[in-house]
Amino acid sequence: MPTLGKWLGNLDFKPIAWKPQKRCISSCLTAAMLYIIAIQSPLGIAVMVLATNIVRRAGSANYSVRKRMPKDLWQAFGNKLIWRSLGTPDPEEAKRRARRVLDELDREFDDMRARTSMSEHDIQEAVWSRYNELVDADERFRQDQPDGDDLDEIWRHLEAEFGEFDLQAYRIFETIRDRIEHDQAERAQRLTALKIGTSRGDTQLVAGAVMKVAKAKRVALPKGSSDYKKLAQGLQRAELEALQRAQERDEGDFSGVPRDRLVKPPVAAPAAAPGRSIPALFERYVRENPKNVKPDTLAQTRMAVKLFIGYVGERSPVTVIDKLRVGDWKDLLLRYPVKAAETKIFAGLSLEEIVACNDALPEEQRKPPISPKTVNRYMAGLSAFANWLVPQGHLPANPLLDMFITVEKDTSKPVFSTEELTTLFSSPLFTGCQSDEKLALIAQPGNLQIRDHRYWLPLVMLWSGARPAEIAQLLVKDVREQHGKWIMHITEEGSDDKSMKTKGSMRVVPIHTELVRLGFVDFAKAQKEKGEKHLFPEAERNSRGQMAAKFSRDFGRYLEKVAIKEGRGPSLYSFRHGSADALRRAEYLDEEFAMILGHAKHTQTGRYGHLPEGMLRQRVELVEAIAYPGLDLSHLYPATRQGF
């Protein structure tokens, strides 16, 4: 039968890191007395100080070295004294040994400063260890509860010590009897606080647990660093899972397992041999560029591989690119929030952590996942890399080949109505605005005439169906007369800065007579007279190598400002789709005008830009068939306006 002392000693025991219950009066008195003794008798802590750092502590015959942790390590390891026994009671020997021990401590501090990061495996191990520690503590707590016989014995002890019907005895009895209920209430409060903190990205509640892990691993994690955030988020979610297991046990269910993907046993993946890790091999793939793809395509592939590395770890060998891991990765991508890289709350988190963090947010704050089409784009990037790895001998086969998501293709493309086209080409971008520097001022009527690529790209696309980048990169010499007809030679020839979507995109496109009336040919002549090489010198590529990408994005915003669209609707590419619809209205088949839109097979005439007169005449007829009944652009003709 347990003694009363056992139960009194266990009053403040808690399985998880929530606030301890109040100690009984006798325990508090004992603690207070010990505190008073420590203050009044400093020799109770150290009976002899031989030197500043050499002390003989109470109860020990040997001297010890004491050294305070440097300030720059306090955050990770706490502000405390480090004690090391010198193993000798002799003062002179203690002084001699102390110099070596102090030097060793300085080296340890330097080593701690150098270690400011943790591997993915170590973080996962710490998270899983924390979860099991808390669940085991809850199990021990339940096993240690008094049963009916224990409570009877406890009451008899209390009556004997305090007397019959004593109020203090009854309060102590209630505290012991109701430990489970008190524990449940405190766990509920802790669970609520942790959920709120997790939803806000606030990990202050587990700062102590983070410090404990950092000390055990002997690593100085800077607060706010990526690894600190990963570890803190993981420990916080491990405690959330442990608290949920405790709630399930309150209801008699002891079968629960973690549902959070982050709280799982660490997988000890073998470290890759030097030069054989995924990042190292990917850099070889980029240098080789076996398919000679454009920089933008390589950038998209890099993003896909980076996301996969964020799931499996940087040191993983390429053999981890297998169907099981790719399947799990795909499942995470289907829950990956849009614009995660731009969202502050996700900064520094891994792929799994971002998904879990987003899932934990309140529904009104939760970001929607990326589309299946975007998931397939990431899958395609990783697949391109895997295709290269196979003949290199690193993979037996590409595991992604049959793992793409079936996406129903949306063949309906938003196009401009005649009313929308009339509104657009009567708006300030085309008729005169206040300023060309800010989008808000471009949308305001004024006297400034914009006549660069922002003016011409929509018009040329409207009457040719060409892509915006194809038009934006035109050279002055690409607009010329051939067989008495004005043409645009859309090609990658003539400049290292030019590129085409495909070889078949190189083509000759006759210039529509409406574009001639609008002054496009005169504009090209004027650019030539000014000595310009590029037709639109202001049009530039972005950091990903995309031509006119900024204008394409800004144009969609401009449409919103002039009340042409709200949300999903027409965009710059709608002109291209509209010209295709115009050709269909003229009863041409898609395969008949494929060469006009750049969908035909690669030809030498497309590359060099010289067509036989008969072939050019046929294309002129095709382009002239593009018409928009009810659209009047005569107010933009040079005769009705000033300058270009």
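Residues take their numbers from the sequence shown, with the count starting at 1. Computation of the quantities below employed the complete heavy-atom set of this structure, encompassing side-chain atoms and omitting hydrogens, waters and symmetry-equivalent molecules.
Annotation: the span from L535 atom CG to Q527 atom CD amounts to 6.0 Å, rounded to 0.5 Å. Of the inter-residue distances, the one linking E470 atom CD with L457 atom CG reads 10.5 Å to the nearest 0.5 angstrom. To the nearest 0.5 Å, atom CD of residue Q473 and atom CD of residue E540 are 14.0 Å apart. A distance of 6.5 Å separates CG in L462 from CG in L631, rounded to the nearest 0.5 Å. Within the model, atoms CD of Q300 and CZ of R377 stand 6.0 Å from one another, a figure rounded to the nearest 0.5 Å. Atoms CD1 and CG, from I511 and L518 in turn, are 12.0 Å apart once rounded to the nearest 0.5 Å.
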Residues Q233, Y228; criterion side-chain hydrogen bond (donor to acceptor under 3.5 Å, both in side chains); working and verdict: CA-CA 8 Å; Q233 285 279 350; Y228 182 96; over 6 Å; no
Evaluation steps, side-chain contact (heavy atoms from CB on, under 4.5 Å), between F430 and L633: CA-CA 10 Å; F430 298 94; L633 300 181; over 6 Å; no
From CA spacing to verdict: side-chain contact (heavy atoms from CB on, under 4.5 Å), R467, Y573: CA-CA 7 Å; R467 300 177 180 92; Y573 256 82; 4.0 Å; yes
Test log, rule side-chain contact (heavy atoms from CB on, under 4.5 Å), inputs H635 and T431: CA-CA 9 Å; H635 62 286; T431 59; 4.1 Å; yes
Test side-chain contact (heavy atoms from CB on, under 4.5 Å) applied to D554 and R557, step by step: CA-CA 5 Å; D554 288 346; R557 297 171 181 170; 3.7 Å; yes
Derivation and outcome, side-chain hydrogen bond (donor to acceptor under 3.5 Å, both in side chains), residues S350 and E353: CA-CA 5 Å; S350 67; E353 292 169 333; 3.2 Å; yes
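For Q444 (side chain) and L441 (main-chain N/O), no donor-acceptor pair under 3.5 Å exists by modelled atom type. S552 contributes no side-chain N or O that, together with a main-chain N or O of A548, makes up a donor-acceptor pair within less than 3.5 Å. The backbone N or O of W486 sits nowhere less than 3.5 Å from a side-chain atom of E481 that would complete a donor-acceptor pair. Looking only at distances, no side-chain donor or acceptor of N376 sits under 3.5 Å from a matching main-chain atom of F404. Side chain of R480 to backbone of M488: no donor-acceptor contact under 3.5 angstrom is found. E420 places a side-chain N or O within donor-acceptor distance of the main-chain N or O of S417, the cut-off being under 3.5 Å. Looking only at distances, a side-chain donor or acceptor of E592 sits under 3.5 Å from a matching main-chain atom of L589. R585 contributes a side-chain N or O that, together with a main-chain N or O of A627, makes up a donor-acceptor pair within less than 3.5 Å. The closest donor-acceptor contact from the side chain of N358 to the backbone of P337 lies at 3.5 Å or more, if one exists at all. A donor-acceptor contact shorter than 3.5 Å is absent between the side chain of K230 and the backbone of I123.
In the model, S427 has a side-chain atom that pairs as donor or acceptor with a side-chain atom of Y558 under 3.5 Å. In this model, no donor atom of one side chain and acceptor atom of the other lie less than 3.5 Å apart for K485 and Q482. Looking only at atom types and distance, the side chain of S277 has no donor-acceptor partner in the side chain of E314 under 3.5 Å away. Defined by atom type and a distance below 3.5 Å, a donor-acceptor pair is missing between the side-chain atoms of E419 and T422. Looking only at atom types and distance, the side chain of T491 has no donor-acceptor partner in the side chain of D478 under 3.5 Å away. When only modelled atom types and interatomic distance are considered, D632 and S634 share a side-chain donor-acceptor pair under 3.5 Å. No hydrogens or angles considered: a donor-acceptor pair under 3.5 Å links the side chains of Y637 and E514.
Side-chain atoms of Q449 and C433, non-hydrogen and from C-beta on, never get closer than 4.5 Å to each other. Side chains of V318 and F282 form no contact here, defined as non-hydrogen atoms less than 4.5 Å apart. Here the side chains of L572 and P458 are in contact, with some heavy-atom distance below 4.5 Å. Annotation: side chain of R261 is in contact with side chain of E352 (closest heavy-atom distance under 4.5 Å). Side-chain atoms of E624 and T513, non-hydrogen and from C-beta on, do get closer than 4.5 Å to each other. L389 has its side chain out of reach of Y285: every pair of non-hydrogen atoms, C-beta onward, lies at least 4.5 Å apart. Using a 4.5 Å cut-off on side-chain heavy atoms (C-beta onward), I596 and S464 make no contact. Counting heavy atoms from C-beta on, the side chains of F416 and S574 come closer than 4.5 Å.
Checked for salt-bridge contact, D322 and R325 meet the test: a charged N lies under 4.0 Å from a carboxylate O. A salt bridge is defined here as a Lys NZ or Arg NE, NH1 or NH2 lying under 4.0 Å from an Asp or Glu carboxylate O, and R454 with D436 meets this definition. Salt-bridge annotation for K323 and D402: present, with a side-chain N of the basic residue lying under 4.0 Å from a carboxylate O of the acidic one. A salt bridge does not link D359 with R366: every distance from a Lys NZ or Arg NE/NH1/NH2 to an Asp or Glu carboxylate oxygen is 4.0 Å or more.
A ring-centre distance under 6.0 Å is not found for F523 and Y455.
Closest approach of R237 to L262, counting heavy atoms only: NH2-CB, 3.1 Å. The minimum heavy-atom distance linking V476 with A524 is given by the pair CG1-O, 3.9 Å. When all heavy atoms are compared, the tightest approach of L401 to S383 is CD2-OG, 4.4 Å. Closest heavy-atom contact between L424 and L559: CD1-CD2, 3.9 Å. Contact detail for Y588 and A625: the closest heavy-atom pair is CE1-CB, 3.6 Å. Of all non-hydrogen atoms in I405 and L334, the two that sit nearest each other are CD1-CD2, 3.5 Å.
Between F308 and W329, the ring-plane angle classifies as perpendicular under the 30° and 60° cut-offs. Taking the six-membered ring where the residue is Trp, F551 and F555 present tilted rings, their angle falling between 30° and 60°. Using a 30° and 60° split on the angle between ring planes, H512 and W463 fall in the tilted class, from 30° to 60°.
By the 6.0 Å contact criterion, NZ on K565 is enclosed, its count of non-hydrogen atoms from other residues, nucleotides or ligands being greater than 12.
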